[in-house]
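Per chain, numbering begins at 1; letters A, B, ... match sequence-line order. Basis for what follows: all heavy atoms, side chains included, without hydrogens, waters or symmetry-related copies. The shown structure was predicted, so the numbers you read here are calculated from the model rather than taken from an experiment.
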Amino acid sequence: MELASKYNPSDVEGKWYQYWLDNKLFSSKPDGREPYTIVIPPPNVTGVLHMGHMLNNTIQDILIRRARMQGKNALWVPGTDHASIATEAKVVKKLAAEGIKKHDLTREQFLEHAWAWTHEHGGIILKQLRRLGASCDWDRTAFTMDDVRSESVTRVFVDLYRKGYIYRDLRMVNWDPKALTALSTEEVIYKEEKSHLFHLKYYVEGLTTLDNEQQLLDEGNTIHRDDRGYYAVVATTRPETIMGDTAMCINPKDPKNQWLKGRKVIVPLVGRVIPVIEDRYVDIEFGTGCLKVTPAHDVNDYMLGKTHNLETIDIFNADATISDESPLYVGMDRMDCRRQIAKDLEAAGLMERVEDYTNKVGYSERNPDTAIEPRLSLQWFLRMQHFAEIALRPVMEGEMHFYPQKYVNTYKNWLENIQDWCISRQLWWGHRIPAFFYPVIATVTAADAKEALKLAREKSFNRDLKASDLRRADDGDTWTFDMEEFVVAPSLDEALPLARQQSGRPDMQAADLRQDEDALDTWFSSWLWPVSLFDGIRQPGNAEISYYYPTSDLVTGPDIIFFWVARMIMAGEEYMHTFPFKNVYFTGIVRDKLGRKMSKSLGNSPDPIDLIDRFGADGVRMGMMLSAPAGNDILFDEALCEQGRNFNNKIWNAFRLVKGWDVADTPQPEAAQQATQWFAAKLRIAAEELADDFAKYRLSEALMTVYRLFWDDFCSWYLEMVKPAYADGKPLPMDRATYDATLAFFDTLLKMLHPFMPFITEELWQALYDRQPGESIMHAQLNVEPATDADRDRVAAFDEAAQIIAAVRNTRTQRNIPPRQALTLNIVGGDAAKELPFAQAIAKMANLDAIETVATKAPASASFLVGTTEYAVPLGALIDVDAERAKLQAELQRLEAFLQGIAKKLQNERFVSNAPAAVVEMERKKQADAEQKIAAIREAIAAL
RNA sequence: GUCGGCAUAGCUCAGCUGGUUAGAGUAUCACCUUGACAUGGUGGGGGUCCUUGGUUCGAGUCCAAGUGUCGACACCA
């Protein structure tokens, strides 16, 4: 067989992936074997592969392939996420480019566009994963909005509603004014920002003179006054919200502001008179201690509003332009308004001063340029207390393991301070909330119109309700108005009888029901993923869910520990009564080699497919894994892919060497026999190390273990030791015993490498022996005998031999003796009857013509110590006595310093009496060895 | 602000319950091309284990404080 001297990945990768597909080698069905399951963290359906996916999916593939080769029934389930906000935003943008506004379309029309977009762009990422070698069972590819998953989501919603965990309420939510939807607290990202703190003048109403001004000043009040009168100073970063001010608040214990108690102040520009209220919430130290209260636009102000029964004026529209509730700036964008009002306040002399200020502003995770706006709105919530409790247990009790473990703390912390989950989103792309509304005429009882309106608004959650919407009944105290009530059911068909019953109107028709317009948070479907993939919601206890659940490992980023991991544990415990995965492996964030996050604007994010084209999938996989300890950020450097590619080339060339040998039925040379025995032992020990690395999820170390085993032990040592000699410019044939052993070693090595580098290992494994059609390394079993003590002894003995070889080579290098010039090795003062282990191998590797035991070495020798044995290489005329002496002197000095340290330790009585006997004994042995070495070196120097 | 992680060779990281002269990969330097591979071979150099104090016969490892750094959470008018 002719093989190119360089490995070319593109020749083999596509071929073998197709072979795996054609032979259904990724597929899994429940059977009698132990299952090993991974569910993919579903990437956004319209996403494209980035470096984070590369890392994440490489790890999953390594774990899956390893499990498969251990004889487990390995299943990796792929799929995509509908990513409601992200996808809807993309579709809206695309439509906008075509001049179509979302709200000019009906829901159905919009969804048609969204599905078209999904079908066009969807699944690209899954195709890209194939280039990486991902061994997913593609026949099972799922989508969070396919029929099974959608129905599961709906059922879960209905179930949780009936269990009383889901409720509807008017709350201050994080509003994304661009996407026009509420967000959960986890979807808000706070960024520090340079802004301004505006100090505004709120004149005190009707106060022209303060009789006891001096006394108040003496008591510590800070009183502001100008020719227009007395005023309070309020510091704010958001002057545009003053139109919504309905109070000013001071801390009752604030000595600076006692004079304002019980007064009323005038909102600047607006002219509205608002009360001064008192609440301990106000921080005395901050600013002037005067806080403007805008209940509609700040979470804390909202609380104050509730406590103090304040009016709520919502001055923003949903898109954060100024609403007609505001007396000023109607229709203006909030940011423009901030600039304008600052100017106007300045011009009106109502701005005392402006200072620079750094504060944190929340931004939408999905629209990173859009500052979120706290907004009162009616949303659906999931009560989290129960879920926090059931999700904490399996992690704290060690049923589930996190790698790295530090995330247990993060997890615990979040669960213990959990807030209810806002699950509704004002989007169309997603799972529509299965709540069905029907109109009713409601009543409230109140003595006057104002009270009635307030009660009616509370009852209907409708802040837009106006006094004219209320109808007073004849008795005077009863008011009626139109509102809606709802039922929750999986479908319209099931909703109708419920609604008839609930309303007491048996004549109600389907057309009378109106389904909630909102969709559910994307994570409300993702949290069911490990269950819904096996249809465990719709068909509890089915064969698949019973077999594959709980899954084995989850591989994901720590950034979604709350969004996703925690919630999957909740859903798993709720619906399966047990945790969804045994182990969670948190990967780090992929950064560039300077430690910066990958971003489009920095242009430091390589295209994974381009990398695969250049280095091969195996090379890139190795590049990812080389620097990826669990949980640490990985600093990605193309140089690592290069290293991966080089390793592929090394494997390839080792194969070329082995397959190039001629075989003959000749006796096995002693050196080769020693080498095979040693490598067999080394292989068994390495396999144990590898297993240990995997057991601890130290995958980059596992890779390094195999890397060194292959390159150093197999190529640099073993192959060199067994390589046939040359005669007449041609290699001699190799004996069959060594050849067979070498092929067997190669076979095992390929299997150990396969999870990391699936393509090249398949290519070579297929070529190593004759294989059956449809056979694959993927399903070959990695069975390596356990290592024995004899193996460890042999490996230790070889380490000494390797040191001797290195020392002889060093002797050559330092004296410019060519490798081809054979040398003789003397074992000085040794027992002539005792054979040096690996003598033949040493002779071959160090190019020695003889190894002799001598009583005293030749005077013109280079000498060195391995262990406590002195070795010498007679150099004859090649000797440089001065250089030799200098070398020995340096070694002597080093050893003497070392000996001194030990002697000091051993002279310390407290050490001798306190340290364990074994430790003291070890020190004594070190001392004796060092003394022996020193004596040997002294002799060597004298002999020169 | 609260809590947590980390700090070891130029770089990226191992180093377990304290006990050989602190390791690996990579980079770097020198030498080496007829014989699998220059995407290679052989050999070398390179460390005040962040600082200070403590515990101990003994500290990279344990404790405390400090410095730096990263992260989570909370508040921020």
### Query
Could a donor-acceptor pair under 3.5 angstrom be found where the side chain of E720(A) meets the base of rA36(B)?
yes
### Query
At their closest point, which heavy atom of T587(A) faces which heavy atom of L55(A), and how far apart are they?
CB-CD2, 3.9 Å
### Message
Suppose you measure atom P in rC76(B) against the same atom in rG71(B); what distance do you get, rounded to whole Å?
### Response
22 Å
### Message
Can you measure R809(A) atom CZ to rC31(B) atom C1' for me and round it to whole angstrom units?
### Response
14 Å
### Task
Please state the C1' separation for the pair rU67(B) and rU52(B) - nearest whole angstrom.
11 Å
### Task
Look at the side chain of S716(A) and decide which nucleotide, out of rU42(B), rA36(B), rA24(B), has an atom nearest to it.
rU42(B)
### Query
Could you give the CG-to-C1' distance, from L709(A) to rG25(B), as a whole number of Å?
16 Å
### Task
Could you say whether L719(A) or D712(A) is positioned toward the 5' end of RNA chain B, judged by the nucleotide with the nearest heavy atom to each?
D712(A)
### Query
Does a side-chain N or O from N653(A) land closer than 4.0 Å to OP1 or OP2 of rA36(B), or not?
no
### Task
Any chance you could measure K933(A), atom NZ, to I937(A), atom CD1, to the nearest 0.5 Å?
8.0 Å
### Task
May I ask you to say what L197(A) touches in the nucleic acid, namely base, sugar-phosphate or nothing, with a heavy-atom cut-off under 4.0 Å?
sugar-phosphate
### Query
Where the side chain of Q643(A) is defined as all heavy atoms beyond and including C-beta, which of rU42(B), rU26(B), rA36(B) is the nearest nucleotide?
rU26(B)
### Query
Do M624(A) and M51(A) pass the side chain to side chain contact (heavy atoms under 4.5 Å, CB included) test, and can you show the C-alpha distance, the side-chain angles, and the key distance before you say yes or no?
CA-CA 9 Å; M624(A) 302 298 316; M51(A) 295 307 289; 3.6 Å; yes
### Query
Can you check the L895(A) CG to rU20(B) P distance for me, whole Å?
18 Å
### Message
Would you measure the distance from the C1' atom in rU55(B) across to the matching atom in rU12(B) and give it in whole Å?
### Response
34 Å
### Task
Select base, sugar-phosphate, or nothing to describe what Y707(A) touches, counting heavy atoms under 4.0 Å on all strands.
sugar-phosphate
### Rounded distance in Å - CD1 (I284(A)) to C1' (rC76(B))
16 Å
### Query
Could you state the interatomic distance from CD1 (I284(A)) to CG (N257(A)), rounded to the nearest 0.5 Å?
9.0 Å
### Query
Is R910(A) side chain donor-acceptor paired with the rU56(B) base, going by distance under 3.5 Å alone?
no
### Task
Examine rU26(B): is either OP1 or OP2 under 4.0 Å from a nitrogen or oxygen in the side chain of W711(A)? Give yes or no.
no
### Nearest to side-chain heavy atoms of A806(A), which nucleotide of rA36(B), rG43(B), rA38(B)
rG43(B)
#### Entry: Pairwise C1' distance, rG46(B) and rG25(B) [rounded to whole Å]
15 Å
### Query
Among T294(A), D301(A), T246(A), which residue meets the side-chain contact (heavy atoms from CB on, under 4.5 Å) test with L310(A)?
T246(A)
### Query
When the C1' atoms of rA24(B) and rA14(B) are considered, how many whole Å apart are they?
7 Å
### Task
Determine the interatomic distance between C1' on rC50(B) and the same-named atom on rC37(B); round to the nearest Å.
43 Å
### Task
Could you check whether R815(A) gets within reach of a base, just the sugar-phosphate, or nothing at all, counting any heavy atom under 4.0 Å?
nothing
### Query
How many Å lie between CZ on F655(A) and P on rU39(B), as a whole number?
22 Å
### Message
Is the distance between the ring centroids of Y407(A) and F402(A) under 6.0 Å?
### Response
no
### Query
From E355(A) CD over to H199(A) NE2, what is the distance, rounded to the nearest 0.5 angstrom?
4.5 Å
### Task
Would you mind classifying the nucleic acid contact of F562(A) as base, sugar-phosphate or nothing, using non-hydrogen atoms under 4.0 angstrom?
sugar-phosphate
### Message
Can you tell whether the side chains of E701(A) and K696(A) come within less than 4.0 Å, N to carboxylate O?
### Response
no
### Query
Would you call the rings of F756(A) and F694(A) parallel, tilted or perpendicular if under 30° counts as parallel and over 60° as perpendicular?
tilted
#### Entry: Rounded C1' spacing from rG60(B) to rG15(B) in Å
8 Å
### Task
Nearest whole angstrom, please: distance from the P of rG25(B) to the CE of M622(A).
12 Å
### Query
To the nearest 0.5 Å, how far apart are CD in E720(A) and SG in C715(A)?
8.5 Å
### Task
Please report, rounded to the nearest Å, how far the P atom of rC37(B) is from the CH2 atom of W661(A).
14 Å
#### Entry: Whole-Å gap separating C1' (rU39(B)) and CG (N646(A))
4 Å
### Query
Among the nucleotides rC76(B), rG35(B), rG40(B), which one has an atom lying closest to any side-chain atom of Y281(A)?
rC76(B)
### Task
Could you run through nucleotides 1-15 of chain B and give me one letter per nucleotide, 5' to 3': B if any protein heavy atom sits under 4.0 Å from the base, S if only the sugar-phosphate is that close, - if neither?
----S------SSSS
### Message
My understanding is that only one of Y739(A), Y718(A), F710(A) makes a ring-ring contact (aromatic ring centres under 6.0 Å, His included) with F746(A); could you say which?
### Response
F710(A)
### Task
Have a look at P818(A) and say if it touches a base, only the backbone sugar-phosphate, or nothing, with a 4.0 Å heavy-atom cut-off.
nothing
### Message
Counting the atoms with a prime plus P, OP1 and OP2 as sugar-phosphate, which does V282(A) contact under 4.0 Å by heavy atoms, base, sugar-phosphate, or nothing?
### Response
base
### Euclidean distance for C1', rU33(B) against rU42(B) (whole angstrom)
13 Å
### Message
Once you apply a heavy-atom cut-off of 4.0 Å, does R708(A) come out as touching a base, just sugar-phosphate, or nothing?
### Response
sugar-phosphate
#### Entry: Sugar-phosphate, base or nothing in reach of N417(A), heavy atoms under 4.0 Å
nothing
### Query
Given that F647(A) and K933(A) both sit by RNA chain B, which one's nearest nucleotide is further toward the 5' end?
K933(A)
### Message
Just to be sure I understand the rule, does K730(A) reach a base, reach only the sugar-phosphate, or reach nothing, if contact means heavy atoms closer than 4.0 Å?
### Response
nothing
### Message
Under 4.0 Å, counting only non-hydrogen atoms across every strand here, what does K6(A) touch: a base, just sugar-phosphate, or nothing?
### Response
base
#### Entry: Below 4.0 Å: OP1/OP2 of rU21(B) and any side-chain N or O of K926(A)
yes
### Summary
With both pairing distances under 3.5 angstrom for Watson-Crick or G-U wobble, and | for a partner in another strand, the correct string for RNA chain B is (((((((..((((.....[...)))).(((((.......))))).....(((((..]....))))))))))))....
### Query
Who passes salt bridge (Lys or Arg N to Asp or Glu O under 4.0 Å) against D929(A), sequence neighbours left out?
K925(A)
### Task
Name the closest nucleotide to the R820(A) side chain, picking from rU34(B), rA74(B), rA36(B).
rU34(B)
